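The model shown is predicted, which means the values in this text are computed figures rather than measured ones. Quick note: residue numbers are just sequence positions, from 1.
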Amino acid sequence: MERMEVKYHKKAMETGSLVVSACGFDSVPAELGWMFNSKHWVGPAAPNQIEAYLNLESEKRIVGNFGTYESAVLGVANVEQLVELRRSRPKRARPAIPGPFPTKGPMIDHQKEIGLWAVKLPSADSVVVRRTLTTLTENPHGLPGLNESPEQIEKRDAFWSTVKPAHFGVKLGSKTLLGVFRFIAVGMFIGLLGRNAIGRWLLLKFPSFFSLGWFRKKGPSDDEVRSASFKMWFVGRGFSDMSISQDKKKPDMEITTRVVGPEIGYLTTPIILVQCALILLSHRDNLPKGGVFPPGIVFGPTDLQEQLEQNGISFDLISKKSILA
């Protein structure tokens with residue numbers, strides 16, 4: 001995604017082509033979920049950090065698409081190229097986030113309120129959200145549309161005025177501590193073996209073994225797809241009054257929201273992709289003139305969330321409370 005942005009962004013702006021990456025699971029739920037949580041921080045309150053906790057559920061067993069597993073393996077193989085690409089790019093604006101930088105915290109996180117044990121998920125979602133935040137920092141009112149009406153300009157300005165920046169991260173959650181240890185084991189297999197050709201051959205030849213049964217080449221059965229679902233919790237911590245955030249070392253307010261939907265690969269991703277495509281086709285005048293962007297900055301001010309809600313993906317406010325600062 002980042003290489004395509006480097007290679008084609010300028011050309012896309014010149015030609016008026018709009019290229020939007022990551023229009024599936026889990027980047028769109030991550031971006032819209034972060035925005036949904038952010039909008040519940042009504043001034044003078046402001047978030048400092050929003051962490052997403054992804055929990056996959058099934059009445060049978062969880063089996064993922066082989067392509068997802070393969071992408072993880074090849075991502076490890078190309079990590080050095082990604083680092084070089086990032087180093088070669090000029091630095092861009094960073095959003096002003098109230099309060100100190102969040103502490104790293106323990107390797108295994110236990111969130112009692114949502115009933116999950118969790119470990120950091122090295123997915124692209126954090127980078128995708130940061131790209132949207134960077135573009136928003138450079139364009140505080142969002143990106144102008146190709147041929148917007150005055151009403152649409154007002155709507156876009158109003159939407160982005162409610163979205164507040166925050167440090168963002170994603171964790172993979174399980175209801176049991178054993179489940180988290182399974183995540184760590186699979187991550188270690190991919191991280192260690194994915195760095196060399198022989199290791200990658202083993203990982204891709206025997207996916208079921210090295211993923212502890214979570215991935216297989218033929219993918220899930222129809223029954224396994226129908227029985228699966230996801231919950232993505234967003235736990236935001238911040239300050240009840242942004243003006244005093246610099247004087248406080250720890251947040252004093254917490255807002256929890258949740259995105260829920262059907263099986264992630266064969267159901268939720270097609271739902272998201274189709275709705276993004278329909279908006280692109282029917283509302284092109286209201287979307288950015290051209291360029292290569294993540295989905296949040298493009299579809300944020302549109303009715304994408306409402307369309308997803310009409311197609312089985314829900315967004316809910318779970319709790320809003322004060323915490324000990």
| Less than 4.0 Å between a side-chain N and a carboxylate O, is that true for Glu57 and Lys175? | yes

| task | Return yes if some donor-acceptor pair links the side-chain N/O of Glu263 with the main-chain N/O of Gly265 below 3.5 Å, else return no. | result | yes

| task | Output the distance between atom CG (Asp252) and atom OG (Ser240), rounded to the nearest 0.5 Å. | result | 3.5 Å

| Counting distance only, does the side-chain N/O of Arg200 pair as donor-acceptor with the main-chain N or O of Gly194 below 3.5 Å? | yes

| Sub-3.5 Å donor-acceptor pair from the side chain of His9 to the main-chain atoms of Val292, do we have one? | yes

| task | Could you tell me whether the side chain of Glu31 and the main chain of Val28 form a donor-acceptor pair under 3.5 Å? | result | no

| query | Can you tell me if CD on Glu59 sees more than 12 non-hydrogen neighbours from other groups inside 6.0 Å? | reply | no

| How far does NE2 of His283 sit from CZ of Phe299, to the nearest 0.5 angstrom? | 10.5 Å

| message | By the definition side-chain contact (heavy atoms from CB on, under 4.5 Å), identify the one residue from Asp303, Ile271, Thr268, Val259 that meets it with Leu308. | response | Ile271

| What distance separates Asn48 CG from Lys164 NZ, expressed to the nearest 0.5 Å? | 14.0 Å

| Could you walk me through whether Phe234 and Tyr53 pass the ring-ring contact (aromatic ring centres under 6.0 Å, His included) check? | CA-CA 6 Å; Phe234 294 80; Tyr53 293 82; 9.2 Å; no

| task | Quick one: pull up CD1 in Ile50 and OG in Ser38 and give me the separation to the nearest 0.5 Å. | result | 5.0 Å

| query | Around Arg87, counting heavy atoms of other residues, nucleotides and ligands shown, do more than 12 lie under 6.0 Å from its CZ? | reply | no

| task | Without swapping roles, check the side chain of Asn37 against the backbone of Ile255 for a donor-acceptor pair under 3.5 Å. | result | yes

| Between Lys217 and Glu70, is the closest basic N to carboxylate O distance under 4.0 Å? | no

| request: Test His110 against Trp117 for ring-ring contact (aromatic ring centres under 6.0 Å, His included), laying out the working first. | output: CA-CA 4 Å; His110 187 204; Trp117 296 85; 3.8 Å; yes

| request: Could you tell me whether Arg237 and Glu254 have a side-chain N and a carboxylate O separated by less than 4.0 Å? | output: yes

| query | Looking only at atom types and distance, does a side-chain atom of Asp316 sit under 3.5 Å from a main-chain N or O of Ile318, one as donor and one as acceptor? | reply | no

| Between the main-chain N or O of Thr135 and the side-chain N or O of Glu138, is there a donor-acceptor pair closer than 3.5 Å? | no

| field | The single option from Leu143, Leu146, Thr15 passing side-chain contact (heavy atoms from CB on, under 4.5 Å) against Lys289 | value | Leu146

| remark: Result for salt bridge (Lys or Arg N to Asp or Glu O under 4.0 Å) between Glu5 and one of Lys11, Arg92, Lys10 points to Arg92

| said: Tell me whether Thr269 contacts the main-chain N or O of Ile264 through its side chain, where contact means a donor paired with an acceptor under 3.5 Å. | reply: yes

| query | Cation-pi between Arg61 and Trp214: NZ/CZ under 6.0 Å from ring centre and within 45° of the ring axis? | reply | no

| request: Check for a donor-acceptor pair, side chain of Lys171 on one end and backbone N or O of Ile108 on the other, with a separation under 3.5 Å. | output: no

| query | Any donor-acceptor pair under 3.5 Å linking the side chain of Asp109 with the backbone of Gly105? | reply | no

| query | With a cut-off of 6.0 Å (strictly less than), are more than 12 heavy atoms of other residues, nucleotides or ligands near CE of Met188? | reply | no

| query | Rounded to the nearest 0.5 Å, how far apart are CZ of Phe315 and NZ of Lys39? | reply | 9.5 Å

| query | From Phe36 CZ over to Thr162 OG1, what is the distance, rounded to the nearest 0.5 angstrom? | reply | 11.5 Å

| message | Any carboxylate oxygen within less than 4.0 angstrom of a Lys/Arg side-chain nitrogen, looking at Glu2 and Arg86? | response | yes

| message | Run Arg195 and Glu80 through salt bridge (Lys or Arg N to Asp or Glu O under 4.0 Å) and show every step you take. | response | CA-CA 10 Å; Arg195 295 180 179 273; Glu80 292 182 2; 5.3 Å; no

| request: Pick out which of Phe209, Tyr69, Phe206, Phe189 makes a ring pair (Phe, Tyr, Trp, His ring centres under 6.0 Å) with Phe215. | output: Tyr69

